[in-house]
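Let me begin by presenting the structure, written as structure tokens, before commenting on it.
Any value given below was found using the heavy atoms of this structure, including those in side chains, with hydrogens, waters and symmetry copies removed. Atoms within a ligand are numbered from 1 in the order they appear, just like the ligands themselves. When a residue number appears, it is its place in the shown sequence, counting from 1.
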Amino acid sequence: MARIIEHGAQVWTNYHKTFSCNVAQRMELANGDENSGRALLKAAAEEIQALLRRAKEEGVTVRPLGAGWSPSPINLVQQGWLVETRRLNRCFSLSAEHLAADRQGEAESLMLVQAGATVDEVYESAEELGRSLRTGGASNGQTIAGACATGTHGSAWQYGGLQDHIRAVQIVTPENVWWITPSGGLLSDRFVAETASELLADDDAFAAAQLNVGSLGFVSAMILETDPIFMVQNIQKAARIDPEHIAMLSNGNFHQFSAEFALDEEPYFLQLILNPFNPFGRKALLRFLYRRPYDASIPLPKPGAAGAGYDALTLLAEAMLSVDLLKEDVLQLAMEQAYPRNRDVDDPPAIATWGNTTEQHNPIANLFNGSVTMERSKLADAFGRILESFNEGGGGTVTTLRFVKKAAGLLAPARWDDNVVIDFDGPNLESAHRSYANVIARLDKASLEYTRHWGKTNNLDAARVALDYGDDYTRWRKAQQRIMPDPSDRQIFANEELMKLGLI
Ligand SMILES: Cc1cc2nc3c(=O)[nH]c(=O)nc-3n(C[C@H](O)[C@H](O)[C@H](O)COP(=O)(O)OP(=O)(O)OC[C@H]3O[C@@H](n4cnc5c(N)ncnc54)[C@H](O)[C@@H]3O)c2cc1C
């Protein structure tokens with residue numbers, strides 16, 4: 001039997017200590033000792049549904065919590081129930097009999113994961129099965145449901161976000177336990193029944209559920225598609241770039257860019273961290289990952305040496321918080337000191353599995369994270385204006401360029417065929433907020449289209465969300481009504497931020 005552990009009323013603060021709330025009850029959901037994945041899922045779904053029904057009766061709101069890593073207030077609930085999912089963290093392989101007859105050949109590539117498994121746990125379980133996810137974010141402590149809920153992405157430029165891996169989502173509402181899949185279906189009737197669920201095979205409901213921002217019900221499990229296990233070779237270095245390089249990236253000439261700074265081949269992953277005060281006068285931190293076949297005999301380097309993330313950079317927050325002068329110098333010093341040791345073309349190669357490219361993260365109080373996503377081809381035109389307006393606000397963070405394809409989900413910020421994500425990460429200074437607001441204003445003035453990350457500082461409201469996502473937003477809202485037809489069921493998931501965003 002799954003169970004709920006109640007911790008009582010308390011003040012809860014998110015991971016980066018950017019927001020707190022007074023919760024009427026903090027609860028933890030934990031698995032029982034059922035010995036099959038299906039029985040475990042059934043027990044968890046039934047427990048969650050009983051909890052949602054109790055909340056409805058008592059007129060309380062419920063907030064499912066992942067790792068609490070979103071610095072935006074989407075994971076808060078005032079005077080409601082905050083339900084932690086970290087202990088619903090089992091991962092399983094699937095066999096052919098769990099799938100619909102015409103899908104059975106896909107069993108090997110699919111994994112069943114519970115919502116609260118961390119990205120790291122999913123990576124590790126996939127590797128044990130000889131499989132791998134294709135992309136991820138800069139770090140690995142988010143839960144898989146929480147990371148997908150906001151469209152967490154990295155810079156593997158041929159993929160969108162973590163939610164792209166999803167092939168089916170199990171969502172619990174007060175009325176139903178759904179397995180939501182595309183209209184083509186995926187699961188066998190028996191698997192659906194044995195997990196106490198009903199099938200909702202609907203393209204829009206599925207595309208809404210892939211990126212649900214925590215407002216489509218309680219996600220209890222997912223089925224993810226994986227690749228055969230592979231490795232990546234890491235090259236990272238500090239180097240000066242110039243405006244022609246920005247144009248090169250804007251055109252998607254990643255191979256050419258790579259040939260100039262690292263290997264003469266197309267990178268699997270490409271990321272640039274820049275000093276926004278002087279992006280061409282100061283060295284940028286470049287990171288390239290190249291896909292390699294799996295070779296079990298290669299000793300794995302420490303994750304930090306093979307990284308797809310940039311966790312160490314958050315350390316610069318501490319250096320920056322107390323210093324107001326010479327920001328350009330301090331920022332550059334912090335960037336270069338905090339970056340894991342350079343690994344250039346001539347150094348012994350650092351090769352790791354994808355799951356070993358990110359490292360554990362230590363929470364640092366009071367960080368600012370904000371980003372804008374736009375069509376990649378607009379980068380060359382927008383770059384100067386973005387940095388100029390950012391610096392006019394006083395700045396204080398680094399600027400990171402990451403590249404992704406159109407991501408899955410009706411509300412995916414990466415909405416164009418090819419996208420650049422421009423991140424601003426650093427200390428939670430007033431100047432960082434001012435600078436981010438300046439960037440937004442400047443892009444709007446120039447009528448350059450862009451979107452913002454659901455889990456980070458974004459200054460969004462319902463009108464703007466409707467404008468940014470247009471018909472996709474309307475379809476998402478209709479799908480929400482299909483998943484939870486009763487408005488009072490949707491209200492159970494209300495919090496101030498999601499109401500403000502027009503997502504409840
Ligand atoms: C150190 C660090 C590094 C990061 N790196 C990146 C990055 O590289 N790229 C990027 O895009 N983002 C990044 N982020 C942002 C982060 O990935 C997202 O904010 C992500 O959503 C956090 O996942 P979480 O499990 O902590 O979810 P939470 O913050 O706990 O929740 C996010 C939303 O999902 C909902 N939710 C969670 N679980 C469920 C569930 N089971 N059912 C229904 N709703 C649920 C919550 O209620 C909330 O609305 C980073 C954040 C940190 C702190």
Side-chain angles (χ1 to χ4, degrees), residues 12 14-19 29 44-45 48 52 61-77 80 82-86 88-89 113-120 122 135-156 160-163 169-173 209 211-222 271 307-315 317 358-364 367-371 373 400 402 404 407 412-414 421 423 425 452-458 492-495 497-498 501 503-504:
W12 180 81
N14 68 8
Y15 181 78
H16 272 326
K17 302 198 174 8
T18 48
F19 289 101
L29 271 168
I48 294 169
L52 295 177
T61 50
V62 171
R63 179 85 334 245
L65 184 69
W69 272 33
S70 297
S72 78
I74 51 171
N75 47 23
L76 304 190
V77 62
L82 188 71
V83 185
E84 295 186 357
T85 54
R86 275 286 294 107
L88 296 183
N89 64 344
V113 300
Q114 283 192 293
T118 60
V119 172
D120 191 35
V122 176
T135 187
S139 200
N140 58 18
Q142 307 93 329
T143 63
I144 191 71
C148 293
T150 64
T152 298
H153 65 89
S155 200
L162 268 163
Q163 75 278 12
V169 189
Q170 192 190 40
I171 289 192
V172 186
T173 75
L211 197 159
N212 56 63
V213 205
S215 7
L216 287 189
F218 203 121
V219 176
S220 41
M222 296 173 174
Q271 170 187 283
Y310 57 99
D311 281 355
L313 259 184
T314 52
L315 289 170
T358 43
E359 53 193 314
Q360 292 296 336
H361 187 266
N362 297 314
I364 297 171
L367 280 190
F368 176 86
N369 305 93
S371 70
T373 299
T400 304
R402 294 193 280 176
V404 286
V421 185
D423 291 294
D425 297 316
R452 310 172 214 180
H453 198 298
W454 298 106
K456 299 185 177 180
T457 294
N458 56 39
I492 292 177
F493 296 96
N495 71 10
E497 181 69 6
L498 293 171
L501 295 172
L503 298 180
I504 295 283

* Output yes when a side-chain donor or acceptor of Arg86 lies under 3.5 Å from a complementary backbone atom of Gly116, and no otherwise. => yes
* Asked: Counting both backbone and side chain atoms, is some N or O of Val219 under 3.5 Å from an N or O of ligand 1?
  -> yes
* Any N/O of Gly66 closer than 3.5 Å to an N/O of ligand 1? -> yes
* **Non-hydrogen atom of Ser215 closer than 4.0 Å to ligand 1** => no
* To do: Using a strict cut-off of 4.0 Å, indicate which atoms of ligand 1 neighbour a heavy atom of Ala138.
  => 5 (N), 7 (C), 8 (O)
* Within a distance under 4.0 Å of any heavy atom of His16, pick out the atoms of ligand 1 and give their elements. => 53 (C)
* Asked: Which atom pair, heavy atoms only, marks the closest approach of Ser371 to Asp423?
  -> CB-OD1, 3.2 Å
* Tell me which part of Ser70 gets within contact of ligand 1: side chain, backbone, both or neither, using heavy atoms under 4.0 Å. => both
* Structure fact -> Residues passing the side-chain hydrogen bond (donor to acceptor under 3.5 Å, both in side chains) test with Thr152, sequence neighbours excluded, are Thr150
* Asked: For Asn75 and ligand 1, does the shortest N/O to N/O distance drop below 3.5 Å?
  -> yes
* Asked: So, Thr143 side chain and Gly146 main chain: donor-acceptor pair closer than 3.5 Å or not?
  -> yes
* **Considering all heavy atoms, the nearest Gly160-Thr135 contact** => O-CG2, 4.3 Å
* To do: Give a yes or no answer on whether the side chain of Asn495 reaches the backbone of Leu76 with a donor-acceptor pair at less than 3.5 Å.
  => yes
* To do: Give yes if a backbone or side-chain nitrogen or oxygen of Gly146 is under 3.5 Å from a nitrogen or oxygen of ligand 1, and no if not.
  => yes
* Would you please test Phe218 and Thr85 for side-chain contact (heavy atoms from CB on, under 4.5 Å) and show each step? => CA-CA 10 Å; Phe218 203 121; Thr85 54; 3.6 Å; yes
* **Arg63 side chain to Phe493 backbone, donor-acceptor under 3.5 Å** => yes
* Can an N or O of His153 be found at a distance shorter than 3.5 Å from an N or O of ligand 1? -> yes
* To do: Identify the two heavy atoms, one from Arg402 and one from His153, that lie closest to each other, and give their separation to 0.1 Å.
  => NH1-O, 3.4 Å
* Asked: Which ligand 1 atoms does Thr150 reach within 4.0 Å, using its non-hydrogen atoms?
  -> 18 (C), 19 (O), 20 (C), 21 (O)
* **With Leu216, the side-chain contact (heavy atoms from CB on, under 4.5 Å) member among Val219, Asn212, Val213** => Asn212
* Which option out of Pro73, Gly151, Gly116, Gly214 puts a heavy atom nearest to atom 35 (C) of ligand 1? -> Gly214
* Asked: Does ligand 1 have a heavy atom under 4.0 Å from the side chain of Trp454, from its backbone, from both, or from neither?
  -> neither
* Using atom types as modelled and distance alone, determine if a side-chain donor or acceptor of Asn458 lies under 3.5 Å from a backbone N or O of Arg452. => no
* Asked: What atoms in ligand 1 come closer than 4.0 Å to a heavy atom of Gly137?
  -> 7 (C), 8 (O)
* Asked: Under 3.5 Å between some N or O of ligand 1 and some N or O of Gly68?
  -> yes
* Sub-4.0 Å atoms of ligand 1 with respect to non-hydrogen atoms of Pro64 -> 35 (C), 36 (N), 37 (C), 39 (C), 40 (C), 42 (N), 43 (C), 44 (N), 45 (C), 46 (C), 47 (O)
* Per atom 13 (C) of ligand 1, closest listed option by heavy atom (Arg86, Glu84, Lys456) -> Lys456
* Just by modelled atom types, is the Pro73 backbone N or O under 3.5 Å from a matching donor or acceptor in the Asn14 side chain? -> no
* Asked: Looking only at heavy atoms, which two atoms of Asp425 and Gly370 are closest? And how far apart?
  -> OD1-N, 4.4 Å
* Proximity of Gln170 to ligand 1 by residue part, where a heavy atom lies under 4.0 Å -> neither
* Structure fact -> For Ala115, the atoms of ligand 1 under 4.0 Å from one of its heavy atoms are 41 (N)
* For atom 48 (C) of ligand 1, which of Ile74, Leu29, Thr152 has the closest heavy atom? -> Ile74
* With distance as the sole test, does Thr18 use its side chain to make a donor-acceptor pair with the main-chain N or O of Pro71 at under 3.5 Å? -> yes
* Do any N/O atoms on Pro71 end up under 3.5 angstrom from N/O atoms on ligand 1? -> no
* Asked: Do any N/O atoms on Gly154 end up under 3.5 angstrom from N/O atoms on ligand 1?
  -> no
* Residues forming a side-chain contact (heavy atoms from CB on, under 4.5 Å) with Ala407, sequence neighbours excluded -> Gln163, Asp164, Ala412, Ala414
* **Under 4.0 Å to a heavy atom of Gly217 - the qualifying atoms of ligand 1, by number** => 43 (C)
* **Numbered atoms of ligand 1 (with element) below 4.0 Å of Thr143, judged on heavy atoms** => 25 (O)
* **Region of Val213 engaging ligand 1 - heavy atom pairs below 4.0 Å** => backbone
* To do: Select the closest option to atom 22 (C) of ligand 1 among Gln142, Arg63, Arg402, Gln271, judged by heavy-atom distance.
  => Gln142
* Ser139 N/O to ligand 1 N/O under 3.5 Å -> no
